[in-house]
Structure formats: structure tokens, C-alpha cells
Undergrad: 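First, the structure itself, so that you have it in front of you.
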Amino acid sequence: MWNTAIPDALWCTDEHPEQIEHLVREVLDQDVVAIDTETTGLSVWGDLPVYWSMAWGQDRRVCMPIQTLRHFKPAFAEEGKRWVFANAKFDMHMLANVGVEFAGECIDTQVMHALLYEEEPHGLKEMAKHVLGWRWSDFFDAFPLLLVPDMSKPAKMLKGGGLSQPNRRETLRELWARVEQNHLSRLVDYASNDAYGTLRIYEKLLKELHTTPIHSLYSTWLPTMEALFFHTEAPFTKVLYTCERNGVYVDRDYLQTLREPMEAEKDRLAREARTLTGSMTFNINSDDQMREYLFKKCGLAPLTYTKGGKTGDKKPSVDKGCLEHYQHENRMAAIALRFSKLDHMIGTYIDGMDEHVDLKGRIHCRFNQDVARTGRLSASNPNMQNVPKPDSDEFKLRRAFCATPNHSLLVNDYEQLEMRLLACATVTDQNPAGAKEMIQIFLDEKDIHMGNAAMVYGPLYEKQHGWRMGYDDLVNAKKTDKKVKAGELPESALDQHCQLALFARNAIKSVGFGLNYGMKEKKLARQLGISEQEAIAIIDAYLDTYPAVSEFYAAAIEETRGHGFSFSILGRRRYHPSINSYNKYDRWSDERKAVNMAIQGSAADLVRMAMIFIHRAGLDKKLGCRMLLQVHDELMFECPNETIKEAQSIIGPIMQNAFKMCPDPRAGDLAVPLTISSGIGHDWSSAK
DNA sequence: GGTCAAAGCGCG
DNA sequence: AAAGCGCGCTTTGACC
């Protein structure tokens, strides 16, 4: 229960119109109102609100049945109002499910909290404890005697969508009805607590945002963390709400046709496994049976052992590494690998996606604004950001996500966004030229990895082989398009040049990406199949070619050592408590994260601004063009065929100029253009 | 019967 | 002894 004194809560129903009228007038007078809902469940597309609560001023809190909402529509329509939530998008969806849209600003205290305390949990209860020092009960503490048998654990409420549990919604409705009938005052108290606490958290965090120092490149536009929040995060919440609400259409029939060959192959594999073992009950998924077969029956030598857990009995491991090792000499190992792969694909992408399809055939994933420490989004229920891409997916899952009739998908991708931002970041007041050769590669619109390879390996190969590898050699070599490792280089001289060029591009690409993640020589050596000495030589050559890149990494770490935080371009902070640790592994870990924050965090900043500006362009109303998905450096839209070309001509430039459109004198400073690729098609596969 | 963490794998 | 960042989902194994 609460450990602090709070004002009495008001219960108000349609049966008292004069009381409601009074409340409406009061709410219309407020600039800031906190809202919370109690619902039939957690599915944004399948559930409905049952009660809603508001809090405003110093002591007002009220709980009402959801039917009273309609009286407050004039307040919802006010553009100047600020509505405060905890987990805003969820409540916005619930209220939208009964016809309410907010014209005003929608603020999420969890996102505020994430901006200030990225390292802390952002749940309402946790925030109340952390920000206010309050402890309060959750539903199951508040109503310990009421629980229906199968609802005895909160997790029951969390799991599953509506369709898979047809009785769940009724159950919860009934539960609420019982609570209202028998324990009204506790219901009102409990329900309005969240709105009241949310408002108090908002006030406290608002002050903290105002006083917390910011390190933003655009310090005129974003002089405080408060500005960062209100200019970037707050509007973003509404953009994401719109994306979630739109959802992406799924061709369920296509998804089903994918399942058949996968299940058929699984059946074949299972049959073969049963034949091999001679056991009709052999289960490929059972590690114990697999151990028995591989190590006892086939006599294979165990490679590693399981940890043994608490009982400590270590068993021979039948994990992926083991199966891969034996896949060529033992048919069962190959069967198990393939079987697992198919199982994973079906479970995650066929069944997993199908569970989330709504009555209109669309999937509404959640875009989490307060999860990734770098400021990226994460996506869940389902995760639409890890759908296999067609070039590595034999089943072409992405074709299932498509446009509705007379519409097409527009998919825009930033090209090498993080490498471009790295190049931009090398330009500083001390070094205005930055990594000028790298910048030139981008300005010439060349492939950055080929350009880097020519820069780094050109002089090196000239010394070693008397042959100067240029950019064009790399372009020609790429046409053979074969991954190559150092040990596999062929004999003939002509081939050798080609293979060397390919290796050079592949290696330098790994170095470029890897260093942005803080990779060291050991990992690079393993990845490229070369010695650690060679790996060190490549890294050194790269950093010697671009001293400004080296300085950027050093500066990012040095700055973080100074105040314990790393920063993205716009000023999002990430806390690194071990950056000065005497334990070098802890220290290195934070150094890697600090370097990555500067790049990945800034990329997230850019895409966030692009989405906000695109949202502001009002393409939905003007052209019927709806934003559906963000996959970190990629945006997907659905648009009527007649207007999609026009939408494309508007969206592309906004994405490319998202930083430049920020109202700050330094906003035009970027040293390289941020280009995009753009595609239109019927589905996610053909639009790229 | 259920929870939890780790492993494995998908994406950027 | 430790060495690439950021995520989410499913399955598994250990445990209660």
C-alpha cells in the first residue's frame, strides 16, 4: 500500500450528470492532466478500457467508468493541453478503442525517466519508488481476496493475445464487475492511484530535466534536457502511436503456404531420424535422446560438456557447436541442425506472427521508446525488427508483409548511416578537415568499404606485390562476389589480385564496423581467419590512414572518463559506471559502449527526427500515406498507388535532411550527405 | 504445474 | 580467464 498520504479519490458515474459537468469544466481549465486506464487486458488491438482515472492540480484524482469519456471530448480536442501518462501509447490505444484521440500533447513519464535514468527500470511502480520514494501495491496486493483461480498470478494477464484465449476478456470484465460491486472504494483508490502518482512523477522529472546538464551538438535548439525531451521524445511518442495503430498488413494465406513445405521437411527429417535410431519414439528435440544416440550408439567423442546447473552433473553437450562439428560425418547431426532451424522459423515467424494478426489482417507491434540504452527503438509483440531478410531467407518471409489492394509499400533505407555519421563526427573545431579522405569517398558517392580498402590496402599491396590496388579494381573484383579468407587465396596472379581485392574490402568492412563496436584484434582475427598480428596490422593501417577516426574514438572515451556519461549528437546520455574501473575488462566494456553510443545513438537521433518531421508533413491526410515500421535505419510506408510517387518525393528529402531541418545554427554542419535508397513494391521483399 | 536464466538466432 | 554494440522470441534445462 501507499506509504504516503494522498488525497481522497472521487468516483463519478453517468448517473450524476451535474457532477460530471463540473469535472469537465475543471478539466478544461487545466493545462496538465494525468490519465490512466484499467482494461480488459494488455492487447492494444483486442482489449478495451473499463475504467479511466484522471489527476490534476495538487489534490484532484477521480475514477470513472469508461462510458463517461464522451463528456470530456471537448477537453480531448483542445490542442494546447498536455496529457500525461505512464506508458502513454498503451492508454492512448485503449482510449482510441473507444473513440478518443488527443489533439494535445501526450507525455510519457516512462520516456522522461528513460532520458534521465537510462540505467534504471522505467515501470510505473519502479519510477514511483525511485523518483518519489513511494511504494504502492499492485493489483494483486490491492485485491488479495478477489482472485479467480486462474488469475492468481500477474503473468496470466501479461501473456497471450485475445484470439488464443477467447475466454480471457470476459473473465477480466467479470472480475472488474465483481470488484466494482463489492469493493468500490478500493477500486477507486487503486485505479486513481496510478494517475495521481504519474502526475507527481511528471512534476518531479520535469524539474530534473530542467536542471540536468546536457551535452548537445545543437545547444541553441537544445539547451537543456527538458528541450531534448520536448523537442524529440514527446512528439516521437505520438508518431510511434500512429505507426502502431496503423499496423502492417499480413498475407496470412501466404504465411500458411510457407508452413507446409517447412512442416513437410520436418516430418521427413523426423522419419529419417527414427529410421537411423530404429526407435519409433525418437525425438530430435530431446537432448537426452540425442546424447544417447550420438555418443553411445555412434560412439562420437564428446567435445564439450554442459554446465550441470546446481546438481552439477555435467553431460556431454549436443549444442550447435557440437552438431556443426559432426554434421559432415554424422547424418543425425545434420538432421538435428536443420530441424532446429525449421523449428525456430516456424515458431518465431509463422506461429509467432500469426498470433498477432487482428481482425483486419494487420499486425500492430509495439515500438518501445524506453528500452534501448542508445535511444534506438525496440519492437515487440511481435518483434517486427528481426524478420529474416530475403537474401538469406529461402522461404521469403518478408513477402508476407504487404500492401492492401490499390496500395503499395514504400521502403526507404539510410545507406551506411553509421559510417557516414562517423565520418561527420571526425570533423571538430580542432580538426575542421576531419577524416577528409573518407569524407571524400562519400562526397564522390563511392562505396565506402571499397574506398576504405583502396585507401588502406592500396599502399600496402604496392609494397608487398608491386601492384597498386585502386577503387576500380575493387569494383571489378566485387563482381565475382565471393567471400574470401586469407588462407583460401589462389595461386594464379590474375586471380590473386581479384582475391586480394575482395579480401581487402571484406577485411576493411569488418574493421570499419567492428571498431564502431569497440572490436579488438582477437575477434577480427577470428572473423577473417588471420593471425592476431595481421589483424593488428590491419587495424593500425586503418587508423593510420584516418587519424581523425582514431581521434574520434579516443575523444569519445576520454570525454566519458571525465563525467561518466557518453552522449549522442542531440545530447542523450548513457551512464558508464565502470569507465574508470581498475578492472580492465569492465573498463573496456564501458569504452566499447561509450564509442558505440556516440554513433548508434546519433543514428537513432537522426531517424527519430526524420520520423517526427515526416509525421508533421501530414502525408496521411494529404496523400493517404501511412508510416508503418521502423527498423533502425529503414522506414516503411503504405500508400495508395496514385499518390505514392508524390509521397516518395517528400519522404526521401526529409530523411536525408532530418538533422538539417532541426532549428539550430549548427544543424547544417554535416560533412557528408546522408543518402537513402528507396523502393516501391507490393510487399516488403519487392519494395527493397 | 510454473518461473527463471541461458543459449541460440533473427534483425540493425 | 575474461576482448564487437543494440535489441526480442523460442526453446531448453534447472529448479520449485
Side-chain angles (χ1 to χ4, degrees), chain A residues 118 150 152-156 158-159 283-288 290 304 306-315 317-321 323-324 337 339-353 355-356 365-368 371-393 395 397-398 413-414 416-418 510-527 532 535 539 566 568 574 583-601 603-604 607 629-634 684:
Chain A
E118 133 275 335
D150 67 340
S152 58
K153 292 281 163 54
K156 276 279 184 188
L158 296 172
K159 280 189 178 165
N283 177 5
I284 301 178
N285 273 333
S286 164
D287 284 8
D288 282 335
M290 189 59 71
T304 55
T306 58
K307 282 183 187 170
K310 280 184 187 172
T311 52
D313 56 336
K314 296 180 198 286
K315 301 168 178 173
S317 182
V318 285
D319 62 8
K320 189 163 181 268
L323 294 174
E324 270 171 355
L337 278 173
F339 191 89
S340 304
K341 164 99 177 169
L342 291 166
D343 226 30
H344 179 246
M345 297 292 272
I346 292 171
T348 305
Y349 300 110
I350 308 282
D351 295 340
M353 291 291 168
E355 274 176 29
H356 292 276
C365 78
R366 290 164 55 182
F367 287 110
N368 309 301
V371 172
R373 310 270 235 246
T374 54
R376 269 191 175 184
L377 293 178
S378 81
S380 56
N381 305 104
N383 183 359
M384 291 296 298
Q385 292 181 323
N386 72 345
V387 180
K389 43 184 188 181
D391 50 9
S392 57
D393 171 21
F395 301 106
L397 278 157
R398 286 195 179 193
D413 264 81
Y414 283 99
Q416 312 96 22
L417 180 53
E418 297 192 351
S510 294
V511 172
F513 279 123
L515 289 186
N516 288 349
Y517 302 145
M519 188 170 66
K520 292 219 184 315
E521 59 273 9
K522 207 174 200 172
K523 178 85 179 185
L524 181 69
R526 205 176 329 144
Q527 189 169 319
E532 283 181 40
I539 293 171
S566 59
S568 68
R574 182 169 183 187
N583 180 328
K584 63 181 172 183
Y585 298 105
D586 290 349
R587 196 172 63 243
W588 283 349
S589 174
D590 268 3
E591 288 176 0
R592 291 194 295 272
K593 289 167 183 168
V595 164
N596 188 242
M597 176 65 184
I599 298 169
Q600 187 185 112
V607 179
L629 293 181
Q630 185 246 51
V631 190
H632 310 303
D633 62 356
E634 167 182 352
W684 199 356

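So you know, we letter chains A, B, ... as the sequences are listed, proteins then strands, and number each from 1.
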Undergrad: Let me know the distance between CD of A/Gln600 and C1' of C/dC5, rounded to the nearest Å.
TA: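 About 6 Å, once rounded to whole Å.
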
Undergrad: Residues two or more places apart in sequence or in another chain: which of them pass salt bridge (Lys or Arg N to Asp or Glu O under 4.0 Å) with A/Asp413?
TA: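 Here the qualifying residues are A/Lys688.
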
Undergrad: Are A/Gln630 and A/Val607 packed together at the side-chain level, in the sense that at least one heavy-atom pair is separated by less than 4.5 angstrom?
TA: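 A/Gln630 vs A/Val607: side chains touch.
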
Undergrad: Which is true for A/Ser392 with a 4.0 Å heavy-atom rule: it touches a base, it touches only sugar-phosphate, or it touches nothing?
TA: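 The answer is sugar-phosphate, as A/Ser392 gets under 4.0 Å only of primed atoms, P, OP1 or OP2.
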
Undergrad: Please give the distance between the P atoms of C/dA3 and B/dA6 as a whole number of Å.
TA: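 It works out to 16 Å between them.
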
Undergrad: Taking atom P of B/dG12 as reference, at what distance in whole Å does atom CE of A/Met384 sit?
TA: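 Nearest whole value for this atom pair: 13 Å.
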
Undergrad: Write down the distance between CD (A/Glu634) and P (C/dG6), rounded to a whole number of angstrom.
TA: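 Distance, rounded to whole Å: 22 Å.
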
Undergrad: Is there a donor in the side chain of A/Ser380 and an acceptor in the side chain of A/Asn368, or the other way round, less than 3.5 Å apart?
TA: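 Result is yes, a qualifying pair exists.
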
Undergrad: Quick check: does any side chain N or O of A/Asp393 sit under 3.5 Å from a backbone N or O of A/Leu397, one acting as donor and the other as acceptor?
TA: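 Here the side-chain-to-backbone pair exists.
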
Undergrad: Taking side-chain contact (heavy atoms from CB on, under 4.5 Å) as the test, write out the residues that go with A/Asn386, two or more places apart.
TA: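 Per chain and number, A/Asn386 pairs via side-chain contact (heavy atoms from CB on, under 4.5 Å) with A/Tyr349, A/Asn383.
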
Undergrad: Once salt bridge (Lys or Arg N to Asp or Glu O under 4.0 Å) is applied, what residue pairs with a partner in residues 371-383 of chain A remain, sequence neighbours excluded?
TA: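 Residue pairs with at least one partner in residues 371-383 of chain A: A/Glu118-A/Arg373, A/Arg376-A/Glu418.
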
Undergrad: Stem ranges for DNA chain C, with three or more consecutive Watson-Crick or G-U pairs under 3.5 Å?
TA: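 Paired runs of 3+ in DNA chain C: B:1-12 with C:5-16.
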
Undergrad: Provide the closest heavy-atom pair for A/Leu524 versus A/Met519 in the form atom of the first, atom of the second, distance.
TA: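 Minimum heavy-atom contact is CD1-CE, 3.6 Å.
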
Undergrad: What integer distance in Å separates A/Arg373:CZ from C/dC7:P?
TA: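 My rounded result for the distance is 7 Å.
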
Undergrad: For C/dG4, does either OP1 or OP2 sit under 4.0 Å from a side-chain N or O belonging to A/Lys593?
TA: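 Indeed not, no polar side-chain atom of A/Lys593 lies that close.
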
Undergrad: Which part of the nucleic acid does A/Val371 contact within heavy-atom distance under 4.0 Å: base, sugar-phosphate only, or nothing?
TA: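 It contacts sugar-phosphate atoms only.
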
Undergrad: Using whole Å, report how far CZ of A/Arg398 lies from C1' of B/dC11.
TA: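 Nearest whole value for this atom pair: 7 Å.
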
Undergrad: Show me the protein contacts with nucleotides 1-3 of chain C, counting only N or O atoms at under 3.5 Å.
TA:
{"unit_1": "C/dA2", "atom_1": "N7", "unit_2": "A/Tyr585", "atom_2": "OH", "d": "3.4"}

Undergrad: For a 4.5 angstrom cut-off between non-hydrogen side-chain atoms, does A/Trp684 reach A/Val387?
TA: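 With C-beta onward as the side chain, the pair touches.
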
Undergrad: Can you find a heavy atom in the side chain of A/Pro388 that is under 4.5 Å from one in the side chain of A/Met345?
TA: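 Side-chain contact under 4.5 Å: yes.
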
Undergrad: For residues A/Gln385 and A/Ala379, report the shortest heavy-atom separation together with the two atoms involved.
TA: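 The answer is OE1-N, 3.3 Å.
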
Undergrad: Tell me the interatomic distance from A/Ile284, atom CD1, to C/dT12, atom C1', rounded to whole angstroms.
TA: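 These atoms are roughly 16 Å apart.
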
Undergrad: Quick one: which protein N/O atoms are closer than 3.5 Å to N/O atoms of nucleotides 9-11 of chain C? Pair and distance per line, please.
TA:
{"unit_1": "C/dC9", "atom_1": "OP1", "unit_2": "A/Asn381", "atom_2": "N", "d": "2.8"}

Undergrad: Which of these nucleotides, B/dG10, C/dC7, C/dG4, is closest to any side-chain atom of A/Met519?
TA: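 Selected nucleotide (nearest to the side chain): C/dG4.
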
Undergrad: Between A/Tyr585 and A/Trp588, what is the ring plane arrangement, given parallel below 30°, perpendicular above 60°, and tilted in between?
TA: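 Plane angle over 60°, so perpendicular.
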
Undergrad: Across the strands shown, which category fits A/Arg587 at heavy-atom distances under 4.0 angstrom: base, sugar-phosphate, nothing?
TA: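 Nothing, no nucleic acid heavy atom in range.
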
Undergrad: I need the CG-C1' distance between A/Asn596 and B/dG12, as an integer number of Å.
TA: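 After rounding, the reported distance stands at 11 Å.
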
Undergrad: Whole Å only: how far is the CG atom of A/Asn368 from the P atom of C/dG8?
TA: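 From A/Asn368 CG to C/dG8 P: 6 Å.
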
Undergrad: Does the side chain of A/Thr374 come within less than 4.5 Å of A/Asn596's, by heavy atoms?
TA: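 A/Asn596 vs A/Thr374: side chains touch.
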
